[in-house]
Amino acid sequence: MTKIIPVKKYDLASDTFSTEVNKNNIINSLSYVREEYTHDEEDASYEYIIFANGYRVKDIALDGINIRGNNNFAERIVNYFKKKKKNVVVIHILVDSDAPLDLESRMIARKVEELAKKDTVRSISLIGHSKCGVMFFNMPKYFRNSTTFEKSSIYTSAAPFQGCLIATPKLFLHQVKQAIFQKLPKPINELTYNALRNYYHSSSSNSHMDNDIALPGSIIDRYDPNFIRRTFDRINIEAIKKVRHFHNFITGVDENSLVKALKRRDYTSVGLCLMDRFFMDETTDGFIESRSQESISSFIEVPTHRINSATHNYLVHDDELIIILDTINQNIEEDRERHKQLKR
């Protein structure tokens, strides 16, 4: 059975990862899931895939132990590379509810550096979805060794490079209230708004995990105002240019998204389609504005991939997760071929 491996729990009082993980706090702790597959026993080298989609332990295992349903992303990614006949190690990072995203970025960068030093690690592909896309984009500036850049590739998905409205409680809830009060009569409007507001606060971490991708200039508790504000600082742009590959995947709701979600019985995506239709003033994937996802192209030339009719929840479907994995596999294959030619 796949195990969730705890690392540490961030302590807001001391602003450090100083708390040991226990059964009471594991569901909000920095943890990971690891899966491995060996196709060729004689080949001692592995492709590493590090995946982070902004999930906490509680989002995949309410008890901190048993992974629910289709949430074993590490296993699903390994199954893809089994078919490609590759030696692979997949690590699914589960973020801490309270830790600043920049700090987690630095911590993961140190682990990537350790991996890159090993001869048995052929490549390291980092897939960052949503807030973790910005977190991984922020990471290469912390690399210190040329080997780390040479082996590492970054793949961002639905990343709010300029922040997002939904992570900005005061502005978002104001917009939701306006939309509800315009469309519904009293007292239904007030009851509906209060129910949505309570759900919003109960599903959010109400801490760094979500707040750090708020729109710049926000005033929120437990918030790093510099994380999004400095996304496009020169140090980040110059560092990302040094990695092996950098690709950006963009999502967005369109006229086909709701029908697609209903056919799949993907009710999370149905909700995201309704969120986009009733509460957002611009194109989004139900969570993240497409404009924010695309903004990186103004600062660096990057291969961009649009996932058709995709909500923010698209990675739960294998046929759409494969779009990113196919890109990674193609890059791995091309790099191997290039390496063979250089050795001849």
Side-chain angles (χ1 to χ4, degrees), residues 30-33 48-60 67 70-78 80 90-97 99 101 104-105 108 112 124-139 152-164 166-167 203-205 208-210 212-213 227-228 231 240 243 245-253 257 266 268-269 272 275 284-290 292-296 302-328:
L30 177 62
S31 303
Y32 65 94
V33 174
Y48 271 70
I49 313 294
I50 299 177
F51 175 79
N53 58 343
Y55 279 24
R56 297 161 288 186
V57 171
K58 70 190 295 183
D59 296 318
I60 68 167
I67 300 175
N70 205 31
N71 287 312
N72 193 341
F73 287 90
E75 183 178 71
R76 289 169 59 205
I77 295 170
V78 159
Y80 170 89
V90 179
I91 298 169
H92 180 193
I93 294 171
L94 302 161
V95 295
D96 188 282
S97 294
L101 295 178
E104 288 191 300
S105 181
I108 298 166
V112 171
I124 305 166
S125 299
L126 296 118
I127 309 170
H129 178 67
S130 192
K131 60 180 70 71
C132 293
V134 189
M135 188 171 80
F136 281 178
F137 177 80
N138 186 63
M139 186 188 301
S152 300
S153 297
I154 308 284
Y155 301 86
T156 54
S157 158
F161 292 109
Q162 292 186 317
C164 59
I166 202 168
S203 59
S204 170
S205 67
H208 284 286
M209 178 189 131
D210 294 307
D212 283 359
I213 55 167
F227 182 67
I228 289 296
T231 297
I240 202 76
V243 298
H245 302 281
F246 172 42
H247 289 250
N248 188 31
F249 293 80
I250 295 173
T251 50
V253 169
S257 301
D266 177 359
T268 298
S269 286
L272 291 169
M275 182 90 75
T284 74
D285 63 5
F287 268 13
I288 310 297
E289 294 83 350
S290 298
S292 187
Q293 300 178 46
E294 296 165 356
S295 59
I296 182 63
V302 53
T304 300
H305 312 260
R306 293 185 181 275
I307 314 295
N308 294 331
S309 309
T311 72
H312 201 67
N313 195 48
Y314 82 102
L315 290 177
V316 301
H317 302 288
D318 285 340
D319 62 324
E320 292 182 317
L321 175 61
I322 281 172
I323 296 170
I324 296 180
L325 301 182
D326 278 346
T327 303
I328 293 172

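As the structure is a prediction and not an experimental result, all values here were calculated from the model. Residues: numbered from 1 along the sequence shown.
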query = Any side-chain heavy atom of L126 sitting closer than 4.5 Å to one from V112?
reply = yes

key: Expected output: side-chain S290 to main-chain T251 donor-acceptor under 3.5 Å   = yes

query = Considering the options I127, I240, I108, which one meets the side chain to side chain contact (heavy atoms under 4.5 Å, CB included) requirement together with F136?
reply = I108

query = Who pairs with T231 by side-chain hydrogen bond (donor to acceptor under 3.5 Å, both in side chains), at least two apart in sequence or on another chain?
reply = none

task = Look up atom CG in N53 and atom CG in L315, then write down how far apart they are to the nearest 0.5 Å.
result = 7.0 Å

ask   = What residues, two or more places apart in sequence or in another chain, satisfy salt bridge (Lys or Arg N to Asp or Glu O under 4.0 Å) together with D59?
value = R56

message = Apply side chain to side chain contact (heavy atoms under 4.5 Å, CB included) to residues L30 and I93 and explain how you reach the verdict.
response = CA-CA 8 Å; L30 177 62; I93 294 171; 4.1 Å; yes

request  = Say whether T311 and S269, considering side chains only, have a donor N or O and an acceptor N or O under 3.5 Å apart.
outcome  = yes

Flag, side chain of S105 to backbone of M135, donor-acceptor distance under 3.5 Å = yes

remark   = So CD1 of I154 and NE2 of H245: to nearest 0.5 Å the spacing works out to 12.0 Å

message = Could you check whether any side-chain N or O of T304 sits under 3.5 Å from a backbone N or O of V302, counting only pairs where one atom can act as donor and the other as acceptor?
response = yes

Straight-line distance of Q162 CD to S292 OG, nearest 0.5 Å = 5.5 Å

query = Atom CD1 in I77, atom CD1 in I322: separation rounded to 0.5 Å?
reply = 11.0 Å

note = dist T327:OG1 -> H305:NE2 (nearest 0.5 Å) comes out at 4.5 Å

task = Please report the shortest heavy-atom distance between V243 and S152, naming the atom on each side.
result = CB-O, 3.4 Å

ask   = Closest approach of P303 and H247, non-hydrogen atoms and distance?
value = CB-ND1, 3.4 Å

Stepwise side chain to side chain contact (heavy atoms under 4.5 Å, CB included) check, L94 with V33 = CA-CA 8 Å; L94 302 161; V33 174; 4.1 Å; yes

inquiry  = If you define the side chain from C-beta out and look only at heavy atoms, does anything of N72 sit under 4.5 Å from H92?
reply    = no

key: Taking every non-hydrogen atom, the tightest pair across A158 and I288   = O-CG1, 3.7 Å

task = Could you tell me whether the side chains of D285 and H312 share a donor-acceptor contact shorter than 3.5 Å?
result = yes

remark   = Taken in chain and number order and not counting sequence neighbours, the residues that satisfy side-chain contact (heavy atoms from CB on, under 4.5 Å) with A99 are Y10, F17, D96, E104

key: salt bridge (Lys or Arg N to Asp or Glu O under 4.0 Å) partners for E320, two or more places apart   = K260, R264

ask   = Who passes salt bridge (Lys or Arg N to Asp or Glu O under 4.0 Å) against D210, sequence neighbours left out?
value = K131

query = Looking just at side-chain N and O atoms, do N70 and H317 make a donor-acceptor pair shorter than 3.5 Å?
reply = no

ask   = Are side-chain heavy atoms of N313 and F287 found at a separation under 4.5 Å?
value = no

request  = Please work out which of the three classes, parallel, tilted or perpendicular, describes the rings of Y55 and F73, given edges at 30° and 60°.
outcome  = perpendicular

key: Heavy-atom pair with the smallest gap, counting every atom of S257 and A310   = OG-N, 4.3 Å

inquiry  = The test is side chain to side chain contact (heavy atoms under 4.5 Å, CB included); show your working for I166 and M275 and say whether it passes.
reply    = CA-CA 10 Å; I166 202 168; M275 182 90 75; 4.2 Å; yes

task = Ignoring hydrogens and angles, tell me if any N or O in the side chain of E294 forms a donor-acceptor pair with the backbone of I250 under 3.5 Å.
result = no

request  = Would you name the heavy atoms of A52 and C132 that are closest together and state the gap between them?
outcome  = O-CB, 3.3 Å

request  = Ignoring hydrogens and angles, tell me if any N or O in the side chain of S153 forms a donor-acceptor pair with the backbone of S125 under 3.5 Å.
outcome  = no

ask   = What residues form a side-chain contact (heavy atoms from CB on, under 4.5 Å) with N308, not counting sequence neighbours?
value = none

ask   = If you measure from CZ on F161 to CD on Q293, what distance do you get to the nearest 0.5 Å?
value = 8.5 Å

Side chain proximity check, I324 to Y314, heavy atoms < 4.5 angstrom = yes

request  = Could you please spell out the steps behind the side chain to side chain contact (heavy atoms under 4.5 Å, CB included) verdict for V90 and Y80?
outcome  = CA-CA 11 Å; V90 179; Y80 170 89; over 6 Å; no

request  = Hey, can you tell me if Y155 and F249 have their rings parallel, tilted or perpendicular (30° and 60° cut-offs)?
outcome  = tilted

remark   = All heavy atoms of G163 vs all of E289, minimum pair found to be O-OE1, 4.0 Å

